[in-house]
Amino acid sequence: DKIGLEPKEGESHKITNLRSQLLMTCSLFKSPKVLQFGLEKFHDYMNGKPVSADILAVVMRIGASQDINSYNWLIEKLEKSETPETEKIKILGALGSFNDNETVLKALNYSLEKVPSKNKIYPFIYATYNLSVVDNLWQWYLDNYKQLEKVLHPMHYENIILGICGVPAINHSEEIKQFFNSYIKEREQGYKQANQGESKEETKERRERGKREMFAHNNKRTTRGRRK
């Protein structure tokens, strides 16, 4: 109540960011006021009415969590060429926020098959915060990890693994531990075989290239955070 549900002209970025965090947290704890506000603003967005860009991402997540019938509309909006890239990313976040396991898994499969590689990660990341579906994400990962390895940037795939080892791991801890122990051994063996006969110069260049890619990726994430 102190900072209000909607952004005010001239407020600081700290207040703007705090509002989004509070709205999402209150929605997770089923605040009637926040859920109603989020759903109303989400429907305004669907009906073409203006919604502040500062709260649009969280509004879409809160709204989608209560309106399973919005799935097809969001997919259509996502696929329109005139939809701005920033808005598409917010839509992908909403696709991971449905309060229905079947719909979220459908969204994850859609993202894996049809969304550009750089954006495939978004529905999954938001799904790891979605308490309605987290218990089923491990099985989805097992069914798709080989495909994920092929289509995702290594840094994005790393984030997928970090997400899997968070809340979704609570009821699958031993199974996940055993899987990744075996997974790491297989990858280490394959790595050694792939790099047999590599010269010292080639090894050094490969490592430097990896460092440059990691630096570029982290720098890009930092820049995005500052813009927000």
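Below, each value reflects all heavy atoms present in this structure, side chains not excepted, and no hydrogens, waters or symmetry copies. Just so you know, these numbers come straight off a predicted model, no measurement behind them.
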For a quick test of reading the model, state the closest non-hydrogen atom pair linking His156 to Ser117 and the distance between them.
ND1-O, 4.1 Å
Where Ala94 and Ala64 come nearest, the two heavy atoms and their spacing:
O-CB, 3.6 Å
Can Leu162 be reached from Ile170 by stepping across I, L, V, M, F, W or Y side chains whose heavy atoms are under 4.5 Å apart?
no
Tell me whether Glu11 contacts the main-chain N or O of Lys8 through its side chain, where contact means a donor paired with an acceptor under 3.5 Å.
yes
His172 side-chain N/O to Asp135 backbone N/O, donor-acceptor pair under 3.5 Å
yes
Under a 4.0 Å N-O cut-off, is there an ion pair linking Glu6 with Arg19?
no
Could you measure the distance from the CG atom of Asn17 to the NE2 atom of His13? Nearest 0.5 Å is fine.
8.0 Å
Ile160 side, atom CD1; Asn144 side, atom CG - distance, nearest 0.5 Å:
10.0 Å
Minimum-distance pair of heavy atoms, taken over all atoms of Asn136 and Leu105
O-CD2, 4.5 Å
Between Val133 and Asn101, what is the shortest heavy-atom contact and its length?
CG1-CA, 3.4 Å
Do the side chain of Thr16 and the main chain of Asp54 share a donor and acceptor less than 3.5 angstrom apart?
no
Quick one about Trp138 and Asn171 (side-chain donor to acceptor, distance below 3.5 Å, no hydrogens or angles considered), yes or no?
no
Centroid separation under 6.0 Å, is that true for the rings of Phe179 and Tyr145?
yes
Which value, rounded to the nearest 0.5 Å, describes the distance between Tyr157 atom OH and Lys120 atom NZ?
14.5 Å
Residues Lys88 and Glu85 bridged, charged N to O under 4.0 Å:
no
Between CG of Asn99 and CG of Asp67, what distance do you get to the nearest 0.5 Å?
11.5 Å
For the residue pair Leu112 and Val151, what are the closest heavy atoms and their distance?
CD1-CG2, 3.9 Å
What one should report as the nearest heavy-atom pair of Ile164 and Tyr141 is CD1-CB, 3.7 Å
Donor-acceptor pair, distance only, cut-off 3.5 Å: does the side chain of Thr83 make one with the backbone of Lys77?
yes
Ser182/Glu186 under side-chain contact (heavy atoms from CB on, under 4.5 Å): CA gap, chis, key distance, verdict
CA-CA 6 Å; Ser182 175; Glu186 290 178 3; 3.6 Å; yes
Gap separating the CG atom of Leu92 from the CD1 atom of Ile89, nearest 0.5 angstrom
7.5 Å
Is the Trp73 to Phe42 ring centre distance short of 6.0 Å?
no
Rounded to the nearest 0.5 Å, what separates atom OH in Tyr110 from atom CG in Leu95?
8.0 Å
So does Leu22 get a backbone contact from the side chain of Thr25, meaning a donor-acceptor N/O pair under 3.5 Å?
no
Run Phe180 and Glu175 through side-chain contact (heavy atoms from CB on, under 4.5 Å) and show every step you take.
CA-CA 9 Å; Phe180 281 114; Glu175 184 180 355; over 6 Å; no
Just by distance, do the side chain of Lys106 and the backbone of Tyr71 share a donor-acceptor pair under 3.5 Å?
no
Can you check whether Ile15's main-chain N or O pairs, donor with acceptor, with Ser12's side chain at less than 3.5 Å?
yes
Please assess Glu40 against Tyr45 for the test side-chain contact (heavy atoms from CB on, under 4.5 Å), listing each intermediate value before the final yes or no.
CA-CA 9 Å; Glu40 288 177 355; Tyr45 168 72; over 6 Å; no
Determine whether Asn159 and Ile125 satisfy the following criterion, side-chain contact (heavy atoms from CB on, under 4.5 Å), listing intermediate values before the conclusion.
CA-CA 8 Å; Asn159 286 334; Ile125 291 300; 4.3 Å; yes
